[in-house]
2 protein chains.
Amino acid sequence: MTADASAAPRRAGRPLEMVLSRTRITAAALALITTEGYGGFTMSSLARTLKVAPSALYNHVSSKQEVLQWLEDHVMTMVDVSGFGSEPWDDAMRRWAWSYRDVFARHSPLVPLVAVLPVTGAPETLKMYETVAVGLAGAGVPVETIIPAIVAVESFIFGSALDANAPADIFDTGELADSSPTFTAAVLGQDRSTGERPADVAFQFGLEALLAAVPATRPGPDA
Amino acid sequence: MTADASAAPRRAGRPLEMVLSRTRITAAALALITTEGYGGFTMSSLARTLKVAPSALYNHVSSKQEVLQWLEDHVMTMVDVSGFGSEPWDDAMRRWAWSYRDVFARHSPLVPLVAVLPVTGAPETLKMYETVAVGLAGAGVPVETIIPAIVAVESFIFGSALDANAPADIFDTGELADSSPTFTAAVLGQDRSTGERPADVAFQFGLEALLAAVPATRPGPDA
DNA sequence: ACCTGAACACCGTTCAAGT
DNA sequence: ACCTGAACACCGTTCAAGT
């Protein structure tokens, strides 16, 4: 209950900023993944970044899985919720959903982890949910619809984040074109005139469909 | 170009059904995963099931990743596309989407793999796409809309398959309830009277939203 | 053509020993 | 309280040697 409960004891010869902590481990993990990718992220490489033996990490973290959960919660911080409270609810949702998808497209290995991450250990994630829930409630969406709406949009976002990493030729049927004429025609018949990436066209389509189904009764705080 | 191009040479002392092949490796992998789960699936355990040394597998497969791709394609076989051609297009889509989600909820570690799996190496997956594309085209959906519609619904399905594995208490805010009053109220305000699982309620909501946005002009073959 | 057995280069994690 | 270094029990994959 002191004013600064998180202050670490300072010792001569080991400067304060060198003490391991959730914050510092998470920051190091993010930096490592940004430069080396998830393939280069191991407990060893993380320890090397922090100039510490790998075993030292286990004084602060119970597993690699936990580091990834910390990272996941930190990454949520990068999702843009600024529209809620300043834009009509649907524009706020669009801003949120697109940035959410983009963030996790860059961190797709974290996507399967979300299913196992309880909000209790993820305060930033909970903060985001609260902002979105306030936005929807303010738009007149009935209480019992808020969670299904959030979960549905979020599931769509996670699936779309994975899809955003698909190679451009994923649907090229090649020599199997003859056995799948209708699908092949659909692939070739896509509208390429706008120059948008196919993953973005699909995301736009699905997002608008989901937003149209949200039973809001008011346009939002400022509209 | 012979009648049976896939026949393996028969030798005395080594019965035909013991020869390794994509079919037999895939079947063994599925059996192993069904009994032991994905955590117990290693190249070693797979080799043990097939009564062979681990290194022997590499005469037939280039990596564990490839085994998983074979498995993924085989698993697509379990998705129910029987509605297409016999039901109104939207009922066929509902049957397909629910079974697709259920199958991959049981095989969620395969979900992130889909993004990297080109249809060229996945004939069963392509067969499924063809069936769905024929169904949508038959319902009068314009060619250029077919792929975005399929990709959007599929992304929603994959995200929902991950969500279906979430623990029931994932949204319990615990001691953080005070800092997230609106979200906590929404969690507590969910409609539990129907007895449906929250993941199913959200899936139903999102699926109906997406189907409502598909620009079909005809009800389907038999309606 | 396809198998075995040994080996390689890693993993994440534990633990006794230090300070 | 928190670090180091050695060790453990695995991984997926390669490769020489066999038949």
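Since this is a predicted model, take the numbers as computed values, not measurements. Note on naming: letters A, B, ... go to the chains in the order of the sequence lines (proteins, then strands), and numbering restarts at 1 for each one.
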Working for salt bridge (Lys or Arg N to Asp or Glu O under 4.0 Å), residues A:K127 and A:E130:
CA-CA 5 Å; A:K127 224 181 277 182; A:E130 174 69 7; over 6 Å; no
Taking only the side-chain heavy atoms of [X] (C-beta and beyond), determine which of [options] contains the nearest atom.
| X | options | result |
| --- | --- | --- |
| A:N59 | D:dC3, C:dG12, C:dC3 | D:dC3 |
| B:T42 | D:dC11, C:dT4, C:dT13 | D:dC11 |
| B:Y58 | D:dG12, C:dG12, C:dT4 | D:dG12 |
| A:P54 | C:dT13, C:dG12, D:dC3 | C:dT13 |

Return no unless some side-chain N or O of A:H60 is found under 4.0 Å from OP1 or OP2 of D:dA1.
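Answer no for this pair, as no side-chain N or O of A:H60 is under 4.0 Å from OP1 or OP2.
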Pairing partner (Watson-Crick or G-U wobble, both distances under 3.5 angstrom) of D:dA1
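Here D:dA1 is engaged in a pair, and the nucleotide opposite it is C:dT19.
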Identify the nucleotide, in any strand shown, that forms a Watson-Crick or G-U wobble pair with D:dG12, with both distances under 3.5 Å; if there is none, say none.
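The answer is C:dC8, by the H-bond criterion.
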Could you give the [atom1]-to-[atom2] distance, from [X] to [N], as a whole number of Å?
| X | N | atom1 | atom2 | value |
| --- | --- | --- | --- | --- |
| A:Q65 | C:dT13 | CD | C1' | 14 Å |
| B:R48 | D:dC10 | CZ | P | 10 Å |
| A:Y38 | C:dC11 | OH | P | 17 Å |
| B:M43 | C:dC11 | CE | P | 19 Å |
| B:K51 | C:dT4 | NZ | C1' | 17 Å |
| B:L57 | D:dT14 | CG | P | 13 Å |
| B:K64 | C:dC11 | NZ | P | 16 Å |
| B:E66 | D:dT13 | CD | C1' | 14 Å |

Would the distance check show the side chain of B:R95 and the main-chain N or O of B:D80 forming a donor-acceptor pair, the cut-off being under 3.5 Å?
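No, B:R95 side chain to B:D80 backbone: no donor-acceptor pair under 3.5 Å.
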Determine whether the aromatic ring centres of B:F158 and A:F158 lie less than 6.0 Å apart.
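B:F158 vs A:F158: aromatic centres not under 6.0 Å.
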May I ask you to check whether B:F156 and A:F156 place their ring centers less than 6.0 Å from one another?
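They do not qualify: ring centres at least 6.0 Å apart.
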How long is the straight-line distance from CD1 of B:I147 back to OH of B:Y129, given to the nearest 0.5 Å?
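Output value for this atom pair is 9.0 Å.
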Distance criterion of 3.5 Å, no angle test: do you see the side chain of A:S63 paired donor-to-acceptor with the base of C:dG12?
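By the distance-only test, no, there is no pair.
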First encountered from the 5' end of DNA chain C, between A:F41 and A:A56
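Mapping each residue to its closest nucleotide by heavy atoms, the 5'-most match is A:F41.
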Between A:G39 and A:S62, which has a closest nucleotide on DNA chain C that is more 5'?
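Per heavy-atom nearest nucleotide, the more 5' residue is A:G39.
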Taking any heavy-atom pair under 4.0 Å as a contact, classify A:S55: base, sugar-phosphate, or nothing.
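The answer is base, as A:S55 lies within the cut-off (heavy atoms under 4.0 Å) of a base atom.
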